[in-house]
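So the structure is just underneath, and the comments pick up after that.
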Amino acid sequence: MSQSLKRLGLLPRNICVAILVAYRAVISPLYGDVCRYYPSCSAYTLQAIQQHGVVRGIWLGARRILRCHPWAAGGVDDIPEPRERLATNRAGFVLARKEQ
Amino acid sequence: MDIFALLMWPIKWVIEAILVGFHWIVTALGGDPGSGLTWVLSIVGLVLVIRSAMIPLTVRQIVSSRKSLEIQPEIQRIQKKYRGKKDQFSREAMQRETMEAYRKAGTNPFASCLPLLIQMPIFLGLVQVLTDANNQKAGVGLLTQELAVLFSESTLFGVVPLHMTMAAGFEQGSVPVIVTAIALTLIMCATQFYTQLQIMTKNQTPAMKESPMYKQQRILLYIIPVFLLISAWLFPLGTMFYWLVSNVYTLVQQLIIISKLPTPGSEAALAREARMARKRQRMGLPPVDAEEAETAAEIELRTQRQQPRSKKPKSKREGS
């Protein structure tokens, strides 16, 4: 019961994950390699939403995109480490358990 | 109103100001203020202003990507370290090291994401401005009710209303609208396809062509026309003109970049070097940049030699 409740709680972020995964598969390749950071802006936002939820994830992603301008030095820029990482499946959807 | 409208407000204001400004200029030059051609020219002006404002960004990116050639030996060292390791974790570690090397060197060959995303709200703003004008509603700024009425009643060549979509054209059985929409879509597909093809075949290094991204790009080349057809169905002809002119602008810009500032190590760069050498020969000058050409050739050679795998044991490969 609590497991399915948890899954329900993860539904918003998994919807966002689905949109981002589709974007990364279909639209993103149109531009080629563009991002000055690793992980790329969309990968960063995807991870941020997976680990920090929709609101904080979108906030982090938006700030990252603002950082990704032509005068930025780039480099490695990971998401802030969450208190505990949630496990994700191969497609990118967040599962209702902690990462091993 | 809502936060979204608040965010769009300044964008719409600027778009309206530019549109109205060009409308005024074209009218002053003798254009009919109510004709579709005047409005199309205003939209062309809008594209020119917006895209020209972005030229410094493009130039900056090209210069920086040329500068990143200087740390090519470092990048090659990293590539060599991970040669033949195709698993996800090695790929990731390699990308991390590469990006860190670029950051340390203070150069970065990538364009950055923000300029790409900025164009989306601009297009959205234009759609909103044109939709409002079409409903004879005054805009947020300089686009008055009077001008909105003028726009909504304007037609191209007297038969094609600019505010109609392809869907509306089919609904009302208006053949000129359908023909114009289809013609615009075809030209758009052609320009988009050609631009993408130019970038992919001429302005990418052999190393770039080996990445999985390249294959995806190739597939998408054939999906783009479908996208464009859907958007032509949904968006008014006025916005399609914006898109079309923008595409043509990109195409011309790309052709200039390919001939003047090609990606080092790409086919276009080699073609340019050959052109320059021929020119020098014709002028009777000695090939001065022999040294530069040599380093370029060396880099070219190394990227191509990524393929064969060493038969030496891994420990020896790592050590060398």
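A, B, ... follow the sequence lines: proteins, then strands. Residue 1 opens every chain. For clarity, every value in this text was computed on a predicted model and none was experimentally measured.
- Scanning residues 68-84 of chain A against chain B with a 4.5 Å heavy-atom cutoff picks out C68(A), H69(A), P70(A), W71(A), A73(A), G74(A), G75(A), V76(A), D78(A), ordered by number.
- The shortest distance between side-chain heavy atoms of Y38(A) and E92(B) falls below 4.5 Å.
- Between chain A and the options E100(B), Q95(B), R103(B), R96(B), heavy-atom pairs under 4.5 Å are most frequent for R96(B).
- Contact tally against chain A (heavy-atom pairs below 4.5 Å) for L117(B), L114(B), T98(B): the top residue is L114(B).
- R36(A) contributes a side-chain N or O that, together with a main-chain N or O of F110(B), makes up a donor-acceptor pair within less than 3.5 Å.
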